[in-house]
Structures are given as structure tokens and as C-alpha cells.
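Structure first, commentary second.
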Amino acid sequence: MRVQERFLRYISIDTTSDEACADCPSSKNQWVLARELEQEMKELGLSDVRVDEHCYVYGFIPANAENAPAIGLIAHMDTSDAVPGGPMHARILRYEGGDVVLNKEKGIVMKAADYPSLADKIDKDLIVTDGTTLLGGDDKAGVAEIMTFCEYVLTHPEYRHGKICVGFTPDEEIGRGADLFDVAGFGADFAYTLDGGEISEMEYENFNAASARVTVHGFSIHPGSAKDKMRNAIHLAMEFDAMLPASERPEHTEGYEGFYHLNDFTGEVQRAELRYIIRDHDKQKFEQRKERIQKIAAYLNEKYGENTFELTLRDSYFNMKEKVQQKPEVVERAMNAIRACGLTPACVPIRGGTDGATLSYKGLVCPNLGTGSYNHHGVFEYACVQEMETMVEIVKKIVEAK
Ligand SMILES: [Zn+2]
């Protein structure tokens, strides 16, 4: 089966994950896709296919070459809740350049000027939506490519490879995709997530990430008799925030620059709460950022009385670069494969995190590869058929025994 046929089948299932749900998986339809993949993997002839109690799908292809590494391939089944995940009205079109009218009736147009990735897609086939839902290329393009690769391997016994380990995860979009991943059972020497955009790009540098919650305890009293008594938690919270450098906010940073981001603020006189995320590629600078927040809380507690500012700091994930650098062959394999498919590989730092980062710290080094799908998390999401096909070729080159 061609990669786009699989892709169209998978995207017809709305697998939006739900942050508000504490269960794993966070939405029922992820089970539907998981069961479908399980069935298909069994039909293709993968071994030890199973869906565990949290909807993680695993399957394997035994090695037919000696001394080749066991390589993992991972993609996520859920989709972002940023825009509706269905009902899906996808279609394939031949891109001839310029703007793409997605929905005449509603006047929804994907403008070439807004999406530079379209520039090199002329004469290629694009799968688009009707502009009312996302497409789900993130990450069903990755799922479809891995499945198509498996089909190739199992129908071409002359293709030499080590053990191939396949994993499909739930709830990546809500940051939980790697939490319950069975690294030991997976048994790969290293792995790749297929969860990016450009197929020539590889990602293995991501942010170190932490979150900080600052609870400010004030004292409320009738404003008429407040003199020397009231402590307005809102003002205290604003004072806290003002002590963080304004130039180190997301809107003023790029590339490798880190930031403090105030992403939630609630407050009354009696009590206020600030929520920050802290990000930095550099481990040392990351630690300094957390120290700075601690120092501000300590200083203000000295000024206003102990326990006025209550700080909870939590690490979220770390830069996988440190782990990947210990296994340089993981990057080399992918770079060589991309080159062998006629593309110029590029390594791009991610201003975010990936499941691969968490997995790398669980002992499974796992950079991220592209999928040929673009504009993720929005109604202008699209996938390029020819690039999805090339991605399958890249995976073949990566896994092939040398
Ligand atoms: Zn994704």
C-alpha cells in the first residue's frame, strides 16, 4: 500500500488528545487507531505485536543481518487540540504554485506568502484539509511512513537489517507521550521519532525546561481601613514579575536564546499566582535561570515577611544533545541517509521539547526526523505525498545493515 493511502486512512480517525483528562490515553479514539494499527501490523507480519493497557502500540521485525544495531522507529497517534480534529475533509491536489483555496464557500485560503515551505512544492501532490480542521500530519505522516517501511522490509527478504522496533505512542501533544513508554521492553539500541516537518532536517537539540509556580499570600482588609495593614497580593506578584529581565521573554528571543515566560496570572488582594515556564538550551544557563527565580523569591520574602512568596520549581525535560553526543553514530546514520536520498541534511535546534528528549534521558537516545508534513497544529496543515515517499526511502537507508 502506498504511504498516502495509509495516511488518508489514519487521519480519518479523530485522535485529538485531551489535556483535561488525567487518564492515558486521554481520549477514546486513540484506542480505535491503536487497534487498527495492531491489526495491520499483525497482517503485515510484525512479531510480538501488542497494545498495552495505556494504548502504547509495539511491534518488531527480527534481524536478518548480524552485528547490526536494533533500531527503534517511533511516532505518536494523537493530534493537537489547537483546532478541531474532525470531521475530516481531506483532498489531494497537484500544487501549481501561488495561493491554495482550501474552502471556496468559507473563503479560506492558504497564502503562499505566509507559508514559505510551499515554495519548493510546485508540481508535487499535497494533502490538504477544507480549512476547518487540522490534517493530522503531525504525526500520522510519521505513523504512515513507519508502517510503509515495515511493509517494504517484510516483502523484501533481500533487504538486510538488524532488529527493527516499532512504537506508536498516545498523548504526545499533551506532553505525556514518553511517560509510560516501555524502554526496556522496546529493546532498541537507539531510536528516531518521525515527528518533524522538512525531511532534510534532523533535530536533537531541544530546550532544558522547567516550570515555576509562585503563590503570593497577601492580606485583604476593607480598603477604608487598610492603612499599614493591607498587603495586596496582586501588586506583590507584579513586583516579582518586574524583577525578571523583560528582554528575556519569548517574544524577544530566538535560536539558542532562553527565556522566562509568564503564561498564567491570576490574582486577588488575598492571593495571587504566577505561572512561568523556564527554557534554555544551555544546561548551565538553565540552572542559573532557576537560581535567579529562587533568589527573587528569597529577596522578596525578606522584604515582605517569610512565606509571602511560595515557589514551586519543577523540571520538565532536558536537552537531549548531551545524550545524543555520546552516540554520534545515531546522527551520522541519519545524515548519511538523507544525503543518499539526494538532500542536504540540516540539524536544527528545537525551541521546544520532544518525546525523544524524555526517551533519551530514560536511556533510549532518540533524535527527531522530518515527515514531509507542515503547518502543524493549524487548519493550514498539509502533507506532501512525494516527500512522505522520500521519507520512507530515508528510513530504509537509516536501518539498512552496512
Ligand atoms: Zn507531533
Side-chain angles (χ1 to χ4, degrees), residues 3 6-7 10-11 13-19 24-27 29-30 33-34 37 54-57 72-86 88 90 115 117 127 129 133-149 166-181 191-207 209 316-317 320 334 348-360 364 366-384 387-388 391-392 394-395:
V3 65
R6 284 205 165 85
F7 178 69
Y10 304 152
I11 60 170
I13 305 166
D14 175 0
T15 53
T16 310
S17 45
D18 177 8
E19 179 128 51
C24 182
S26 66
S27 60
N29 270 1
Q30 294 187 61
L33 180 57
L37 291 171
H54 294 294
C55 199
Y56 286 69
V57 185
L73 299 168
I74 300 169
H76 65 88
M77 296 180 288
D78 66 315
T79 52
S80 159
D81 69 354
V83 294
M88 176 75 57
Y115 299 103
S117 70
I127 304 179
T129 68
T133 65
L134 52 74
L135 181 68
D138 176 11
D139 183 22
K140 287 161 185 163
V143 176
E145 287 154 7
I146 292 171
M147 290 294 268
T148 306
F149 165 70
V166 173
F168 298 123
T169 62
D171 291 339
E172 189 272 349
E173 296 293 358
I174 53 175
R176 304 178 199 157
D179 291 1
L180 299 169
F181 193 91
Y192 302 89
T193 49
L194 271 72
D195 190 18
E198 296 280 356
I199 55 171
S200 59
E201 286 180 2
M202 179 172 191
E203 302 168 324
Y204 63 87
E205 291 181 77
N206 59 284
F207 275 144
S316 311
Y317 53 84
M320 72 169 117
V348 186
I350 321 172
R351 289 181 62 76
T354 75
D355 272 2
T358 309
L359 292 173
S360 293
L364 180 64
C366 190
N368 187 35
L369 301 172
T371 61
S373 70
Y374 299 85
N375 302 342
H376 297 165
H377 298 201
V379 295
F380 297 118
E381 198 182 7
Y382 72 90
C384 174
E387 288 190 6
M388 289 200 290
M391 198 56 216
V392 176
I394 291 173
V395 175

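Every number for a ligand or one of its atoms is a count from 1 in the order of the listing.
- Of all N/O/S atoms in D195, OD1 sits nearest the Zn ion (ligand 1).
- In this view, Q30 and T15, S17, P25, S26, S27, C55, D78, P170, D171 satisfy the side-chain contact (heavy atoms from CB on, under 4.5 Å) rule, not counting sequence neighbours.
- Ring geometry for Y56 versus F181: interplanar angle over 60°, hence perpendicular rather than tilted (30 to 60°).
- Residues F380 and Y115 bring their aromatic ring centres within 6.0 Å.
- Residues T16 and D81 have side chains that never bring a donor and an acceptor to within less than 3.5 angstrom of each other.
- Considering just the N/O/S atoms of H76, the one nearest the Zn ion (ligand 1) carries the name NE2.
- The atom of D138 that is an N, O or S and sits closest to the Zn ion (ligand 1) is OD1.
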